[in-house]
Amino acid sequence: MQATRLVFYVLGGALLNLGVPFTNLHGATDYRLGPDSERKEGVPVGTVTKSQWTSKVFGGTQRDYWVYVPKQYDPARPASVMVFQDGGNYVDLTKDFRVPIVFDNLIHKKEMPVTIGIFINPGVIPAAATDQTPRQNRSFEYDTPSPQYAEFLLKEILPEVGKSYKLTTKPEERAIGGISSGGICAWTVAWERPDAFQKVLSHVGSFTNIRGGHIYPALIRKTERKPIRVFLQDGSADLDNLHGNWPLANQEMAAALKFAGYDYRFEFGDGGHNGKHGGAILPDSLRWLWQDVVAARAGK
């Protein structure tokens, strides 16, 4: 049985602080990973290294992050960059997305550029005493419509990773993605700093009124179009709660992007608030997101 979906084209997360997990909620059972999400013989395998970071932008919060470097990386040439919020979820090869495997396969086939992946977990405020619990900073960082998270990336994370690897400064070769609150965070970064990030991938994005993110469809319609290429994914069984209705919010985003003439794609299936649909279509999502860069490098 094939999943029901609507696809729109126009050319021009776990909410830990709020009790809204992004796993095991509803969802069609017919979304399956394809061959580009599996290891293939003869495909070079990139490396993934884990580090920790204490942020000044986010007031001493601590977090893990991972850096994926493809085998084809050449230190003499700047690599494209893709950042993922909830990084542990995207880099884990046992979960829905398996981004390092997908990157390996698509880079090998030249269906996306040589890209360094940066997978960042949300910040945690350390406990003041041993008998206390650390405080999660995820919703504040991800759901707030402000330039602060972009500042965190541009002032802290990218310069730190850039000490070890040569990263592009071209905004059209920088992408950012995430699931749930990480999805709206990805959009916010590009919206605030299109001079730094111009590609967005949002899985079941929380474009709802958690911390005011429901404003985006109206802002998109009333603001001069920004040079952002965006892929949205959601499903009819997504959340409906006091913060809003996720399927309606994502459809509003798609309608606003269409109205404003954005270069966007929207895949609307029948899944829930999880990564099953997004993981199943991740290779196609990335092919679409990066196709302009691939074509430019091929001279097309």
Side-chain angles (χ1 to χ4, degrees), residues 5 7-11 31-40 43-46 48 66-73 79-87 89-93 95-120 167-168 170-180 182-183 185-187 189-190 197-205 228-234 257 262-269 271 275-298 300:
R5 68 179 186 179
V7 186
F8 299 83
Y9 298 89
V10 171
L11 294 179
Y31 293 118
R32 296 286 185 268
L33 296 178
D36 285 322
S37 298
E38 305 291 347
R39 287 284 182 214
K40 297 181 180 180
V43 173
V45 177
V48 176
W66 296 257
V67 177
Y68 160 89
V69 181
K71 194 75 171 178
Q72 297 89 339
Y73 169 70
S80 298
V81 176
M82 189 161 190
V83 174
F84 289 89
Q85 280 68 250
D86 293 307
N89 185 61
Y90 280 94
V91 80
D92 189 334
L93 301 186
K95 293 188 177 180
D96 293 315
F97 294 104
R98 304 183 183 184
V99 172
I101 294 176
V102 177
F103 272 28
D104 285 342
N105 288 328
L106 297 191
I107 291 171
H108 177 65
K109 294 193 290 185
K110 294 183 169 54
E111 293 177 345
M112 65 177 284
V114 173
T115 303
I116 287 180
I118 306 173
F119 305 82
I120 310 169
L167 307 178
T168 185
K170 296 179 180 180
E172 66 272 19
E173 294 191 18
R174 284 178 174 173
I176 182 165
I179 184 169
S180 188
C185 179
W187 169 260
V189 168
F197 285 89
Q198 292 184 0
K199 288 179 165 55
V200 174
L201 175 61
S202 171
H203 296 122
V204 295
I228 302 171
R229 183 177 177 85
V230 53
F231 190 108
L232 303 176
Q233 172 272 322
D234 198 27
L257 292 166
Y262 275 79
D263 184 3
Y264 84 99
R265 176 171 168 177
F266 178 39
E267 288 236 9
F268 188 66
K276 295 185 182 302
H277 183 195
I281 65 172
L282 180 62
D284 284 341
S285 308
L286 293 172
R287 271 188 280 263
W288 181 86
L289 200 65
W290 290 106
Q291 64 182 354
D292 58 332
V293 176
V294 171
R297 292 188 178 185
K300 298 178 181 179

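Computed from heavy atoms alone, side chains included, the values below leave out hydrogens, waters and symmetry copies.
- Expressed to the nearest 0.5 Å, how far CZ of R174 lies from OG1 of T115 amounts to 13.0 Å.
- In plain terms, the two heavy atoms of V200 and A190 that are nearest each other are CG2-CB, 3.4 Å.
- Note that CG of L282 and CZ of F231 are 9.0 Å apart. Values are rounded to the nearest 0.5 Å.
- By the side-chain hydrogen bond (donor to acceptor under 3.5 Å, both in side chains) test, D36 is found to be paired with K40, K109, R287, residues two or more places apart in sequence or in another chain being considered.
- For F84, the ring pair (Phe, Tyr, Trp, His ring centres under 6.0 Å) test picks out Y90, F119, with sequence neighbours left out.
- Contact detail for L201 and S285: the closest heavy-atom pair is CD1-CB, 4.0 Å.
- Results of the side chain to side chain contact (heavy atoms under 4.5 Å, CB included) test with W290 over K199, E172, E111 single out K199 as the only residue that passes.
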Checklist entry - Can you list the steps and then say if N105 with R98 is a side-chain contact (heavy atoms from CB on, under 4.5 Å)? => result CA-CA 11 Å; N105 288 328; R98 304 183 183 184; over 6 Å; no
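- The minimum heavy-atom distance linking G279 with L33 is given by the pair O-CD2, 3.6 Å.
- Contact check for I228 versus Y262: side-chain heavy atoms found under the 4.5 Å cut-off.
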Item to check | Steps toward side-chain contact (heavy atoms from CB on, under 4.5 Å) verdict (M82, L289) | outcome: CA-CA 11 Å; M82 189 161 190; L289 200 65; 4.0 Å; yes
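- Residue Q233 forms a side chain to side chain donor-acceptor pair (under 3.5 Å) with just one option from R265, H277, H203, and that option is H277.
- Here the closest heavy-atom approach between residue A186 and residue G178 is recorded as CB-N, 4.3 Å.
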Checklist entry - side-chain contact (heavy atoms from CB on, under 4.5 Å) between V204 and I179: does it pass, once the steps are laid out? => result CA-CA 6 Å; V204 295; I179 184 169; 3.5 Å; yes
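- Across all their heavy atoms, P283 and L106 have their closest contact at O-CD1, 3.6 Å.
- Expressed to the nearest 0.5 Å, how far CG of L93 lies from CZ of R39 amounts to 6.0 Å.
- Both the sub-6.0 Å distance and the 45° axial angle are satisfied by R229 relative to the ring of W288.
- Atoms CG and CD1, on L286 and I107 in that order, are 9.5 Å from each other to the nearest 0.5 Å.
- In this structure, Q85 contributes its side chain and G177 its backbone to a donor-acceptor pair below 3.5 Å.
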Next on the checklist: Test side-chain contact (heavy atoms from CB on, under 4.5 Å) on V230 and W187; report intermediate values, then the result.
Outcome noted: CA-CA 8 Å; V230 53; W187 169 260; 4.2 Å; yes
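- Put simply, CG on D96 and OH on Y31 are 12.5 Å apart, with the number rounded to the nearest 0.5 Å.
- Legend: residues meeting side-chain hydrogen bond (donor to acceptor under 3.5 Å, both in side chains) with E173, ordered by chain and number and at least two apart, are S80, R297.
- The minimum heavy-atom distance linking V114 with P70 is given by the pair CG1-CG, 3.6 Å.
- Taking the six-membered ring for Trp and the full ring otherwise, the centers of F266 and F268 sit less than 6.0 Å from each other.
- Atom CD1 of I120 and atom CH2 of W66 lie 10.5 Å apart (nearest 0.5 Å).
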